[in-house]
Structure formats: C-alpha cells, structure tokens
Protein chains: 2
Amino acid sequence: MSRPKAYKRDKVLDSATQLFWQKGYHGTSLSELVAATGLNKHSMYKEFGSKAGLFDECIAHYWRKIVRELLDILTEEPLGMANIRAFFKNRIEYICSEDFKSCLFVKTIIEKELVEAKALEQIRRRNKIYEKAFIACLEAAVRSGELPKKADPEFLTLYLLHFLLGLLVMGKPEKGKGEAEKLMKFIISSISKG
Amino acid sequence: MSRPKAYKRDKVLDSATQLFWQKGYHGTSLSELVAATGLNKHSMYKEFGSKAGLFDECIAHYWRKIVRELLDILTEEPLGMANIRAFFKNRIEYICSEDFKSCLFVKTIIEKELVEAKALEQIRRRNKIYEKAFIACLEAAVRSGELPKKADPEFLTLYLLHFLLGLLVMGKPEKGKGEAEKLMKFIISSISKG
DNA sequence: GACATTTCAGACCGATCGTTTTAAAAACTT
DNA sequence: AAGTTTTTAAAACGATCGGTCTGAAATGTC
C-alpha cells in the first residue's frame, strides 16, 4: 500500500462548491480553490482531472447536499399545497439569511457562455427533476380539492419557478423578511384563484 | 489642431456594451473589446481610463439606449395598467427573440463579487428609478379604479419585479411564446384580485 | 530497516489577463 | 511645406490564468 490521503474528498467538494457558488465558475481561480480546499494542485488534478471536471463534481455535490434537501420537502407524503408552502418557507429563510449567495445553478445558467457544456447539461437535467416534483404536488392538490379542478399544474409550476428565480436573484427585500413572507403568501394564494 | 478620431464614441460604447451584456464584466477581456470596437488599446485607455471605467460608461450607455425606452413605455400618459401591460408585452417580445441575452443589470448584480463598487452603485440607483415608474402606474390605476382601493402599489411592484427577473433569467419557456403570454396575463390579472 | 508507492510543496509551463510604453503614421495649423 | 498634436499599431510590462512536472517527505509492506 501507500501513504493515505490527507484530505476527505467530500470536504474538498464542500469547500470548492462554496467557492464556485460565491464567485461563479469563471470567477473562481485554481489558486483560490487550492487555498480553500487545502490540497495542492497536483492532488487536485489527479483527483478531478481539470477545473471543469472539479466544477462538474461540484454541481453534483451541490445537488446531493443542497437541492436534495429541498426535494425532500417537496416529496414528503402526503403531497399537496403543504409541500409548496414548506418549500417557500425554507427558501425565504435562506434568502433572508446572512450567508445568502443566490443559487449555484442560477448563477451558472446566467454565465453559460463561459461554462463547459457538460455542467450545463447536468444542470438542465436536474432542473427537470425539480420541476416534476412541483408538478406532482400541484396535481395532488388538484385531486384533493386544495386547488380548483381547472387549475393547470404544469402552468402553475412555471409560475412558481419564475417567482422563485426572482427571489434568488433579488435576495432579501429592502423592507425585510416580513415583506418576503407577504410576497410568498400572495403568490400561493393567487394560484388557487387564477 | 490634430488628427481627428477615427471612431465614434457612441459606436464604441454600442459594441462594448453588447459584449459585456453577453459575457459579463469579468468574462469579457480587453482583447475582445479591442477586437469588437475596432479602436486600439491606447485609444481605449485614453478615452475610458480602464476596463472598469469603460464598463461604467457601458452601464450608463445601456440605460440611455435600452432602459430609457422601457421607461418611456411606463411613463406614457395617462398612467395606468395599460403601461404595465405594454411593458410586459415588450419584455416578452424581447425574451422570445433570437438575440435574447438576459439583462446587463441582472447579470452584473449576479456577478457582483467580481465587479467594482461604482458600477454596482450606479445600477442600484437606476433600478430605483425603474421601480418608481412601476409604482406610479399602479398608484394611478388605484386612483382610476382599475385596481381595488386596498391594493398596495409598492407591494405589487415588488411582485411584478420578481416576476420580471424570473422571466429575464429563464428566457423563453419551453412551450414557446404563447406560454409566456399566458404567464403575463395570469400575473397581471392576479394583481387586481389579490 | 529497506523498498515501494503516493501525497505533498513548490517550481515551472505557455497563454492570457489588464495596463503601459514606444514609435511611426496621419491630419490639422501656420 | 514645416511643425504640432493625436491617433494609431504593436511591442512589452508584471501578474495571473489553467495545467504540468520534479523531487522530497511520508506512509505503507515486507
């Protein structure tokens, strides 16, 4: 055998993901990644092949560590409007928190001209899953009568995701968290009327 | 006197703004700017001082050439819901167009960690003006009875701007322009009910 | 303790970054 | 046409980019 690694792969991905999340793919340099993760360039390239390779794994890591948790909220049985409400409550908590830094997926899509196709494809694929979870909640809400029979779950999901994106770009409203909550209530109530 | 400039300042800003708009501040290099604008580095630095200085002027240029037009839509008398509808109609036209590339302001805010404070401050200042135009339309709509008396123009503006941001990040919906228009109608009708 | 293996620290690679400098070409004034 | 001024084109600046390589230190096996 040989000398054991002095780093935990998961911890490295944690740090790297945080950095990409804050500064974007193109805005994060190898030197910064080396400094933040603690391992040296040689090990970095041996483990991940390239900056693009590392980023790709960070996207997957972000999904596992961050988005999965949100998906759990959306898939908790029984499905219905309660999932949607819990989801947005969680998001507003994040948006108003001290360490808000938008969303890695959103940032990456916005700088897509500078990012390799593979990572973008992964994001698109994963976003579909996200979207389906929303639709499933709204379909259940229609079945249970929480939403009117004529409500269109796919359309309303598009509506909710647009609003979510707005929140993730804008961050905490000037008037504070209360305003964000008011906004959320307005949105959720509007989908049962429209 | 001396040799006259071979370039028009306005044309230079046009090209530079397009480039920043597409690739962001940090993602656009001096060499690319030189190639796109046609003038050389020396003239570039003499005219704008630095990349940051050029970007600052591009933000102002973008406001004059792009945002002003939108502001005109929002300030055309008589103020009311018609302005809001016309505004979103215009935005959806852009979002579904071939050369959609989000919004320079939004992209810059998203990459704010990599942008100098001066440009960010300018954007924030100008966004306030934008916001006020929205509020004025909604206030007029409340006065004229287009919106219920209890409607809150400031709150509804926040709502509309969140949706607009979502549109500018998402771009054209998968299902096409019709879906975007449906979305717009839903949003606009929801503010008179909520 | 010698040997094999692998991580580690850091020098090094060419390319490009934003920026400055140099020098020749061009257009104005007199 | 001489002289002045400014634009040009291009070379060069140090710094940093993503990426590679070398050699020593550290850990395992035998």
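All figures in this text were calculated on a predicted structure; none of them were measured in a lab. Each chain gets a letter, A, B and so on, in the order its sequence line appears, and its residues count up from 1. Computed over heavy atoms, backbone and side chain alike; hydrogens, waters and symmetry mates excluded.
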Participant: Give the rounded distance in Å between these two atoms: CG of B:Asp56 and P of C:dG18.
Facilitator: 16 Å
Participant: Kindly write out the residues that satisfy ring-ring contact (aromatic ring centres under 6.0 Å, His included) with B:Phe55, not counting sequence neighbours, or none if the list is empty.
Facilitator: B:Phe20, B:Tyr25
Participant: Can A:Lys182 be said to sit on top of B:Phe155's aromatic six-ring, NZ or CZ under 6.0 Å from centre and within 45° of the ring axis?
Facilitator: yes
Participant: Check the distance between D:dC17's P and A:Phe55's CZ and give it to me in whole angstrom.
Facilitator: 17 Å
Participant: Any side-chain N or O of B:Ser29 under 4.0 Å from OP1/OP2 of C:dC17?
Facilitator: yes
Participant: Using five base pairs at each end, measure the axis-to-axis angle across the helix from C:dG1-D:dC30 to C:dT30-D:dA1 and round it to 10 degrees.
Facilitator: 0°
Participant: Can you tell me the distance, in whole Å, between the CG atom of B:Leu39 and the P atom of C:dT19?
Facilitator: 15 Å
Participant: So if I take every side-chain heavy atom of B:Lys46 and compare against D:dC17, D:dT7, C:dC17, which nucleotide ends up nearest?
Facilitator: D:dT7
Participant: Would you kindly give the CG-to-P distance between A:Asn40 and D:dG18, to the nearest whole Å?
Facilitator: 16 Å
Participant: Provide, to the nearest angstrom, the distance between the OH atom belonging to A:Tyr25 and the P atom belonging to D:dC17.
Facilitator: 13 Å
Participant: Using the test side chain to side chain donor-acceptor pair (under 3.5 Å), find all partners of A:Asn127 that sit at least two apart in sequence or belong to another chain.
Facilitator: none
Participant: Over 60° means perpendicular and under 30° means parallel, so tell me whether A:Trp21 and A:Tyr94 are parallel, tilted or perpendicular.
Facilitator: tilted
Participant: Given atom NE2 of B:His26 and atom P of D:dG18, what is their separation to the nearest angstrom?
Facilitator: 9 Å
Participant: Give each protein N/O atom lying under 3.5 Å from an N/O atom of nucleotides 19-23 of chain D, with the pair distance.
Facilitator:
| residue | atom | partner | partner atom | Å |
| --- | --- | --- | --- | --- |
| D:dG19 | OP2 | A:Tyr45 | OH | 2.8 |
| D:dG19 | OP2 | A:Lys51 | N | 2.9 |
| D:dG19 | O5' | A:Tyr45 | OH | 3.1 |
| D:dG19 | N7 | A:Lys41 | NZ | 3.4 |
| D:dG19 | O6 | A:Lys41 | NZ | 2.3 |
| D:dC21 | N4 | A:His42 | ND1 | 3.0 |
| D:dT22 | O4 | A:His42 | ND1 | 3.2 |

Participant: Verify whether the ring centers belonging to A:Tyr159 and B:Phe163 lie closer than 6.0 Å.
Facilitator: no
Participant: For A:Glu111, is there an ion pair with B:Lys107 - N to carboxylate O distance below 4.0 angstrom?
Facilitator: no
Participant: Can you list everything that forms a salt bridge (charged side-chain N to carboxylate O under 4.0 Å, His left out) with A:Glu77? Sequence neighbours excluded, please.
Facilitator: none
Participant: Salt bridge (charged side-chain N to carboxylate O under 4.0 Å, His left out) with B:Lys185: which residues, sequence neighbours excluded?
Facilitator: none
Participant: How is B:Ser43 classified with respect to the nucleic acid when contacts are heavy atoms under 4.0 Å: base, sugar-phosphate, or nothing?
Facilitator: base
Participant: Heavy-atom count around A:Lys128 NZ within 6.0 Å, excluding the residue itself: above 12?
Facilitator: no
